[in-house]
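This report concerns only the one structure given below.
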Protein chains: 2
Amino acid sequence: MKQSDASWGPPRPERADAARNRQHLIATAREMLAELGPDRLTMDALAERSGLGKGTVFRRFGTRAGIFGALLDDGERVFQEQVLCGPPPLGPGAPPLDRLVAYGHARIRFLLEHREIARSALDGRQAVPAGSQSPLSRTHIRMLLGQIDLGPANLDLLAVQLTAALDGPLLLYLSATTLTRSPQQSERQLSDSWQDLVRRVCRP
Amino acid sequence: MKQSDASWGPPRPERADAARNRQHLIATAREMLAELGPDRLTMDALAERSGLGKGTVFRRFGTRAGIFGALLDDGERVFQEQVLCGPPPLGPGAPPLDRLVAYGHARIRFLLEHREIARSALDGRQAVPAGSQSPLSRTHIRMLLGQIDLGPANLDLLAVQLTAALDGPLLLYLSATTLTRSPQQSERQLSDSWQDLVRRVCRP
DNA sequence: GGCGTAACCGGACTTTACCCCGCTTATTCG
DNA sequence: CGAATAAGCGGGGTAAAGTCCGGTTACGCC
């Protein structure tokens, strides 16, 4: 397997040193994030601390948001795997409505577990990475909606609406400067209202 | 009406020169936006073109996003007036469910009418105002929800969800680099799916 | 009308994301 | 193994956001 499979991934395999640098940069970014907070995690500082050049940092991540995106993607890969081929009700095998509810719970849990990073990503003056419309979420929700009998409805737009309805409260919670409620309590509330919304929308 | 009504607005009346400068800055910003596009509308350029100092620009708008916010607020004031004391079904007097539907239609229409500005606001490397979850929308939706019998439900969170579900598709449409559909067609689609969602959520 | 104060103005300064281009090095092929 | 080459690397350079503070000006009060 060279670059023959055109379906996915970078056409060329990453060069060895590049891959090593990416690893190193992500690790360093994690350190700095935990140690200094998101504001002090600047491109220059990351370059210097990792002992690499500024250009390298930008080539790897493209933009500042790319760093946080990369940090999130690390975990997101595992998450998506669970969704696509994990056990029900999250994975295949359960009724689509149950999967829809479970997906929301899982996403809420995932983002709350990584809330430090997720918050950093939208912290400051930066474009929202997955915030506005994470395409993976939308695609999956759209797919599940197609398996539910909803009568006449624009499923594509409904999927966008539900994705937004799932992310909206999360973003609101994450962007709140003072997190009034405990994560557990919030997870409960967010999950409950997601379940309530989905049930309301999908009942016959 | 000076500053006697404590409910809204800056506690102190703006100084005369400050007000004049604000007007002038907003007008100049409109010109530049139409003439140069959002990318070339920088704080420095705005300051120079308006003949004022950079400090002034920042004091008036706080941040770059503040400029676009100010531009939108101009029209939004009229819009909010319609919502609060205009004729039904948007204004008071109609059943709350109808008002909810009408509110969505009105907001969609409003943002599509000002889509150039709205798009500019989220264009580039800007924090999405949806992250802040347009609080006026949410408040109004929350109020209307309170007048509908929905059984046991967390109305606050439901309001957040619906606000997001209203804004999400709009943002998606606005941020699309190539606007495939005509504004009229999009307005129709967006309005229809909003109505559909609200009906689904609120039916007994 | 004169005065004190507080808000306002200006523009230099700092910080930081992002670009550019000559140099270095990993990879590949004879 | 050694040369060709293409990707990767480095760090100085640019532009634009946001800050600061000394000087100026409008407003309230006497």
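Protein chains get the first letters and strands the later ones, always in sequence-line order, with residue 1 at the start of each. Treat the numbers as computed from the prediction; the structure is a model and nothing was measured.
Note: B/Phe79 and B/Phe110 have parallel aromatic rings, judged against thresholds of 30 and 60 degrees for the angle between ring planes.
Counting non-hydrogen atoms of other residues, nucleotides and ligands closer than 6.0 Å to CD of A/Gln147 gives a total above 12.
Taking atom CG of A/Asn21 as the reference point, atom P of C/dT24 lies 17 Å away to the nearest angstrom. Residue B/Phe68 contributes atom CZ, which lies 9 Å from atom P of D/dA17 at whole-angstrom precision. Taking atom CG of residue A/Asp17 and atom P of nucleotide C/dA26, one finds them 6 Å apart after rounding to whole Å. We find that CG of B/Leu46 is positioned 13 Å from C1' of D/dA16, with the value rounded to whole Å. Between B/Glu48 atom CD and C/dA12 atom P there is a gap of 12 Å when expressed in whole angstrom units. Regarding B/Arg60, its CZ atom lies at a distance of 9 Å from the C1' atom of C/dA7, rounded to whole Å. Atom pair B/Arg49:CZ and C/dG11:P shows a separation of 18 Å (rounding to whole Å applied). Separating the CG atom of B/Leu36 from the C1' atom of D/dA15 is a distance of 16 Å, rounded to the nearest angstrom.
Summarising the geometry of B/Pro183 relative to B/Tyr173, their closest heavy-atom pair is CA-OH, 3.9 Å, with the distance given to 0.1 Å.
Using a distance-only test at 3.5 Å, with no hydrogens or angles considered, no donor-acceptor pair links the side chain of B/Thr63 to the main chain of B/Gly66. A distance-only check finds a donor-acceptor pair linking the side chain of B/Arg99 to the backbone of B/Leu90 [under 3.5 Å].
Nearest nucleotide to the B/Thr42 side chain, out of D/dA17, C/dG10, D/dG10: D/dA17. Checking C/dC18, C/dA26, D/dC9 against the side-chain heavy atoms of A/Thr56 singles out D/dC9 as nearest. You'll find that the side chain of A/Lys54 is closest to D/dG12, out of D/dG12, D/dA17, D/dG8. Residue A/Met43 has its side chain nearest to C/dA17 when only D/dC9, C/dG10, C/dA17 are considered. For A/Ala16, whose side chain is taken as the heavy atoms from C-beta onward, the closest listed nucleotide among C/dT27, C/dC8, D/dG18 is C/dT27.
Each of B/Arg59 and A/Arg59 was matched to the nucleotide of DNA chain C holding its nearest heavy atom; the match closer to the 5' end belongs to B/Arg59. The residue among A/Gly53 and B/Arg20 whose nearest nucleotide of DNA chain D is located toward the 5' end is A/Gly53.
For A/Arg15 and D/dA7, a side-chain-to-base donor-acceptor distance below 3.5 Å is present, hydrogens and geometry of angles not being considered.
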